[in-house]
Amino acid sequence: MAIQPISAMGREDQAEEQHDLLTQSLKKQEESRTTLHEMIQDAKEKANDQREKFKLAKATPRYGDAPLEAYARLNRAKTQSQVSSAAGYARRRLVQLEAAQRSDPDHADQIRAAVSQLKKAVSRANKKKLEISREQLARARQKRMMRENKRREAQRIKQELRRSQAMRAVRESGYFRETEVANRQADQLTATKMELRAQAEQLGAAAQTSLDTALQGYSVGVQLAAADVDAPMEAPQVNVQA
């Protein structure tokens, strides 16, 4: 009686199949890693597109226009009543912007800058009222000097009035420049914060995608390892020939 060698073909086929599955899993993980950068770029582009659409749908409020308009009215004011009207406009807008601070936190820096300038506008309006009052008194003295034939004194008062008005005009033009600078700084700060927030959201999405990919690869590896351990052993085949 001759004993044939044990047949291991079934075991080799199963091992080869498991090896192929493991190779495919590793290949998929490698492809996932190589395309992660592309996924991040794609997410960033989509986020940028979304921001642009949002900007088109909802224009950014121009909070900085309020102090500019307040100073324009203050600059045009020639009488105390006109100055009071300009100050009243600044106070009304001040109340509105203080309320907006609670409803629009995304533009808090722009609102704070506008509120600060409006408060200065109210204070400067009060100062201009005092200056106009002093100028009225000076004009009254000038007229009295003219009546009393004191032309030299009247001329001196006139020159002081002109100098005072010129200095005020320079100050008021400076208010516009100050407000424009404050608006630009607030706009840049807001834009920077929004960009950093968008980048943080993009990085968070990319990190979550990377984690999901790693967990998926790990799950596949565990399943393959379990399949290798649990695979039934084929009984050796013995051919007995008489």
Side-chain angles (χ1 to χ4, degrees), residues 55 58-196:
K55 288 179 182 178
K58 181 181 178 181
T60 302
R62 295 177 59 86
Y63 294 112
D65 288 350
L68 288 174
E69 176 62 22
Y71 283 125
R73 296 187 181 199
L74 184 62
N75 188 28
R76 293 194 300 266
K78 303 301 181 184
T79 64
Q80 288 187 336
S81 61
Q82 292 173 346
V83 174
S84 296
S85 177
Y89 170 82
R91 290 190 186 94
R92 290 192 301 272
R93 295 308 308 271
L94 185 59
V95 172
Q96 294 172 356
L97 290 181
E98 287 176 341
Q101 283 182 314
R102 297 185 292 272
S103 60
D104 191 3
D106 290 339
H107 299 90
D109 296 300
Q110 294 166 312
I111 296 173
R112 277 195 294 269
V115 166
S116 175
Q117 290 301 318
L118 285 171
K119 288 180 178 179
K120 291 180 181 179
V122 172
S123 176
R124 289 162 175 170
N126 293 331
K127 181 178 179 181
K128 185 170 183 176
K129 288 175 68 175
L130 292 176
E131 290 176 342
I132 290 176
S133 178
R134 286 197 294 266
E135 289 173 3
Q136 290 174 344
L137 292 175
R139 288 192 187 93
R141 287 200 308 273
Q142 181 187 6
K143 290 179 180 179
R144 189 174 69 252
M145 293 298 103
M146 292 293 293
R147 287 195 302 268
E148 294 176 358
N149 217 14
K150 297 180 180 178
R151 299 183 179 275
R152 181 175 297 179
E153 183 65 16
Q155 187 65 24
R156 185 187 65 78
I157 295 173
K158 184 178 181 179
Q159 290 176 350
E160 289 181 354
L161 276 172
R162 287 180 177 177
R163 184 166 55 250
S164 174
Q165 291 171 346
M167 291 178 62
R168 186 171 69 243
V170 171
R171 287 199 310 272
E172 290 177 351
S173 64
Y175 299 158
F176 283 100
R177 290 193 296 271
E178 177 186 323
T179 303
E180 289 172 350
V181 170
N183 287 345
R184 284 198 300 270
Q185 291 176 342
D187 291 344
Q188 292 172 358
L189 184 58
T190 299
T192 301
K193 287 184 176 180
M194 287 186 172
E195 182 63 25
L196 291 174

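Numbering of residues begins at 1 and proceeds along the displayed sequence. Predicted model, so just to flag it, every value in this text is computed and none were measured.
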Is [Y] close to [X] at the side-chain level, that is, under 4.5 Å between some pair of heavy atoms?
X    : Y    : result
R76  : E172 : no
Q117 : L68  : no
L189 : K193 : yes
R151 : M146 : yes

Could you measure the distance from the [atom1] atom of [X] to the [atom2] atom of [Y]? Nearest 0.5 Å is fine.
X    : Y    : atom1 : atom2 : result
Q155 : E160 : CD    : CD    : 11.0 Å
R177 : T179 : CZ    : OG1   : 11.0 Å
M145 : R141 : CE    : CZ    : 8.5 Å
I157 : K150 : CD1   : NZ    : 10.0 Å
L97  : H107 : CG    : NE2   : 13.0 Å
Q82  : R73  : CD    : CZ    : 12.0 Å

Shortest non-hydrogen contact between [X] and [Y], atoms and distance:
X    : Y    : value
D109 : A186 : O-CB, 3.7 Å
P61  : D104 : CG-OD2, 4.0 Å
G64  : N183 : O-ND2, 3.2 Å
P67  : L118 : CA-CD2, 3.7 Å
V122 : A90  : CG2-CB, 3.8 Å
Y63  : A100 : CE2-CB, 4.2 Å

Checklist entry - Is the NZ atom of K120 crowded by more than 12 outside heavy atoms at less than 6.0 Å? => result yes

Check this for me, if you would: do [X] and [Y] make a salt bridge, where the nitrogen-to-carboxylate-oxygen distance has to be below 4.0 angstrom?
X    : Y    : answer
E131 : R171 : yes
E69  : R93  : no
R156 : E153 : yes
R184 : D187 : no

Has [X] got a side-chain atom pairing as donor or acceptor with [Y]'s backbone, closer than 3.5 angstrom?
X    : Y    : value
S133 : K129 : no
S116 : R112 : no
K128 : A77  : yes
E178 : G174 : no

